Q: 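I have a structure I would like to understand better, so I am pasting it below and will then ask my questions one at a time.
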Amino acid sequence: MSGLIRSGSVAGQPNILIIIVDQLNGTLFDRGPKPFLHAPHLKNLAENSVCFPTCYTASPLCAPGRASFMSGQLPSRTRVYDNAAEFASSIPTYAHHLRRHGYHTILAGKMHYVGPDQLHGFENRTTTDIYPADFGWTPDYRKPGERIDWWYHNLGSVTGAGVAEISNQMEYDDEVAHSAVQKLYQLGRREDDRPWCLTVSFTHPHDPYVARQRYWDLYADCDCLMPRVPALDFADQDPHSQRLYLANDYKNFDISDDDIMRSRRAYFANISYLDDKIGELMTALAAMRMDEKTIILFCSDHGDMLGERGLWFKMSFFEGSARVPLMMRIPGQKSSTVPIPVSTIDVTPTLAALAGIDLDEIQPWIDGKSLLPFIDGDLPAPSVLMEYAAEGSIAPLVGMRDGDFKFIHCSADPPQLFDLAADPDEMQNLAGDPAYADKMAHFTNLMNARWNLERFDAEVRESQAQRHIVYAALRQGHYYPWDYQPLQLASERYMRNHMDLNVLEETKRFPRGE
């Protein structure tokens with residue numbers, strides 16, 4: 001790869017700033033955000049980055065998508081099937097790989113770890129998580145069609161869309177941005193020469209679709225407030241989409257065009273809100289003179305259907321839910337667009353390659369691949385794999401993107417095949433068309449070589465059943481939470497009497513001597 005010079009020594013390794021957001025629809029990004037989006041900082045980042053406009057999540061749900069993003073492994077390997085499945089401490093993440101090779105690894109924000117390990121290789125964590133760390137959100141394949149309103153999505157996020165000055169999500173992301181900027185100031189002033197990897201993880205633009213007035217006002221004249229594909233009748237939806245309709249309790253909500261427009265407007269507004277937060281990070285990075293030696297990676301865990309074909313949120317392999325933005329600004333590397341399909345499971349091996357870290361020891365258990373050879377080389381596009389085994393499903397779904405085609409399979413449903421070049425809205429299922437029999441055979445052979453779906457289903461059911469027992473037991477008597485508690489040692493902050501004031505003032509000032 002041209003550009004960045006990597007070295008086996010700590011001093012030669014680049015700093016890494018990873019910005020991951022939540023539920024950002026990748027179809028809104030080409031080479032950066034679509035022109036109608038007010039996102040100057042993201043647009044500037046895109047202009048100086050290698051962009052992958054056809055990137056897919058490993059799984060269209062928060063916890064499984066993020067565990068795969070961090071480990072380079074699909075959910076069938078991590079066993080993080082849903083938003084209440086434990087991420088095992090024994091699975092190496094990019095934080096482990098980097099830390100093992102001398103990096104200071106820090107997390108600011110959400111990662112939706114379930115289980116007692118709330119660090120997974122990070123040396124420090126600046127905030128707690130926005131979501132619970134226990135097994136309370138475990139689905140149950142033994143009760144197909146059951147919905148539990150206190151933690152399943154419903155369409156109240158759509159009917160309640162609008163303006164607010166503060167919300168649960170805003171309070172969280174305000175804290176994430178503030179703590180991350182503080183951490184950048186600390187990293188710029190410290191005296192050791194370790195490279196660092198700071199992961200900043202926001203919860204926006206995840207629903208509820210509520211935005212601050214100043215961002216809402218940016219989209220008063222937006223002409224993208226209605227979906228390209230209007231809501232389909234329930235009978236016209238595929239079986240999995242029907243289950244998502246029911247999981248989202250659509251029968252108890254009457255969604256108007258105004259609801260749809262307000263929801264999409266707030267969602268776009270929250271992209272602009274995030275853009276301001278990202279601008280704060282970029283400003284601090286430049287002010288501390290670290291920008292020219294820092295790799296910046298921007299991604300999302302999954303997308304949001306935003307009312308296309310009547311679907312909202314994620315949990316689907318359709319483009320709005322499964323596609324995510326992926327951009328990498330690499331010092332010394334010219335900006336470019338790499339149009340081949342890639343995956344979020346490629347992030348970990350790519351970061352390792354950028355840092356000069358050899359993953360041969362665990363390569364047989366890594367599902368992703370380094371993207372560096374695809375930046376400079378004209379290599380064949382690999383197949384992209386996806387899995388889903390959480391709420392709204394009754395058996396695991398698997399998906400593949402190969403060239404222009406996407407294949408979706410669930411043992412409970414008829415298969416789906418879409419030609420995304422000819423049919424970007426995925427309206428024509430070609431699976432039963434004799435003209436595509438060879439293409440179906442190709443995907444079926446790939447699927448059978450990669451997955452044993454009967455075993456996959458059995459493993460998901462075993463995991464669910466065990467977690468239901470453990471959660472019920474742990475909620476009896478004294479409950480010890482796994483939620484991360486950020487700790488700050490007050491005796492080491494600001495000015496204390498065991499510190500030399502002269503030394504303190506000198507080391508805390510940046511730059512010095514100007």
Side-chain angles (χ1 to χ4, degrees), residues 4-20 70 93-109 111 118-128 174-202 277-298 328-332 351-352 354-357 484-514:
L4 185 72
I5 298 174
R6 296 182 299 280
S7 165
S9 68
V10 169
Q13 292 173 307
N15 299 321
I16 303 171
L17 173 61
I18 298 169
I19 303 170
I20 179 170
M70 287 208 65
T93 68
Y94 67 73
H96 288 111
H97 296 307
L98 293 168
R99 186 174 174 182
R100 184 185 181 201
H101 287 82
Y103 272 79
H104 181 191
T105 55
I106 314 106
L107 171 60
M111 203 53 82
Q118 290 294 302
L119 290 173
H120 288 282
F122 288 109
E123 186 175 341
N124 305 111
R125 190 169 183 182
T126 67
T127 73
T128 191
D174 288 349
E175 179 185 355
V176 169
H178 176 72
S179 71
V181 168
Q182 283 189 314
K183 183 55 67 174
L184 286 171
Y185 286 145
Q186 292 167 9
L187 292 169
R189 291 179 297 177
R190 64 188 192 163
E191 296 179 356
D192 68 64
D193 63 351
R194 285 189 299 167
W196 51 262
C197 175
L198 171 61
T199 298
V200 185
S201 183
F202 295 104
K277 299 300 180 188
I278 291 167
E280 293 174 17
L281 299 176
M282 300 303 184
T283 298
L285 189 69
M288 300 307 287
R289 301 177 186 176
M290 299 185 290
D291 52 332
E292 293 185 359
K293 57 184 178 182
T294 300
I295 294 166
I296 301 174
L297 185 145
F298 175 81
M328 292 190 297
R329 197 205 72 174
I330 305 170
L351 292 174
L354 285 166
I357 297 171
Y484 184 71
Q485 176 64 59
L487 298 177
Q488 289 190 332
L489 193 59
S491 62
E492 296 298 327
R493 300 191 72 201
Y494 304 116
M495 181 62 210
R496 299 294 183 262
N497 278 329
H498 66 282
M499 304 173 185
D500 185 319
L501 177 60
N502 298 300
V503 173
L504 179 77
E505 297 293 357
E506 178 68 14
T507 57
K508 294 300 183 183
R509 174 177 170 173
F510 183 91
R512 299 170 187 162
E514 294 184 12

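Numbering of residues begins at 1 and proceeds along the displayed sequence. The structure presented is a predicted model; accordingly, all values stated were derived computationally and were not measured.
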Q: What is the distance from atom CD1 of I18 to atom SG of C197, rounded to the nearest 0.5 Å?
A: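 I18 atom CD1 to C197 atom SG measures 4.0 Å (nearest 0.5 Å).
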Q: Rounded to the nearest 0.5 Å, what separation is found between the CE atom of M290 and the CG atom of L198?
A: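 That separation rounds to 9.0 Å.
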Q: Any side-chain heavy atom of E505 within less than 4.5 Å of one from R509?
A: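 A side-chain contact is absent here, since even the closest heavy-atom pair is not under 4.5 Å.
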Q: Quick check: are there more than 12 heavy atoms from other residues, nucleotides or ligands sitting under 6.0 Å from CZ of R100?
A: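 Open.
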Q: For Y484 and L107, run side-chain contact (heavy atoms from CB on, under 4.5 Å): C-alpha distance rounded to whole Å, both residues' side-chain angles, the deciding distance at 0.1 Å, then the answer.
A: CA-CA 12 Å; Y484 184 71; L107 171 60; over 6 Å; no
Q: Evaluate I296 against M282 for side-chain contact (heavy atoms from CB on, under 4.5 Å), listing each step before the verdict.
A: CA-CA 10 Å; I296 301 174; M282 300 303 184; 3.7 Å; yes
Q: OG1 of T199 to CD1 of I20: how many Å apart, nearest 0.5 Å?
A: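 T199 atom OG1 to I20 atom CD1 measures 8.5 Å (nearest 0.5 Å).
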Q: Sort and list the pairs that fulfil side chain to side chain donor-acceptor pair (under 3.5 Å) and have at least one residue in residues 485-495, not counting sequence neighbours.
A: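 Pairs touching residues 485-495 that pass the test: Q488-R493, E492-H498.
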Q: How long is the straight-line distance from CZ of R125 back to OG1 of T105, given to the nearest 0.5 Å?
A: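 These two atoms lie 12.0 Å from each other.
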Q: Please give me the minimum heavy-atom distance between R99 and F122, naming the atom from each residue.
A: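 Nearest pair, atom of R99 first, then F122: NH1-O, 3.5 Å.
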Q: With H120, which residues qualify under ring pair (Phe, Tyr, Trp, His ring centres under 6.0 Å), at least two apart?
A: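 Counting only residues at least two positions away or on another chain, H120 forms a ring pair (Phe, Tyr, Trp, His ring centres under 6.0 Å) with F87, Y113.
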Q: Examine the side chains of D192 and H104 and answer whether a donor and an acceptor come within less than 3.5 Å of each other.
A: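 The answer is no; no qualifying pair exists.
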Q: Between W196 and P14, is there a side-chain heavy-atom distance shorter than 4.5 Å?
A: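 No - every pair of side-chain heavy atoms lies 4.5 Å or more apart.
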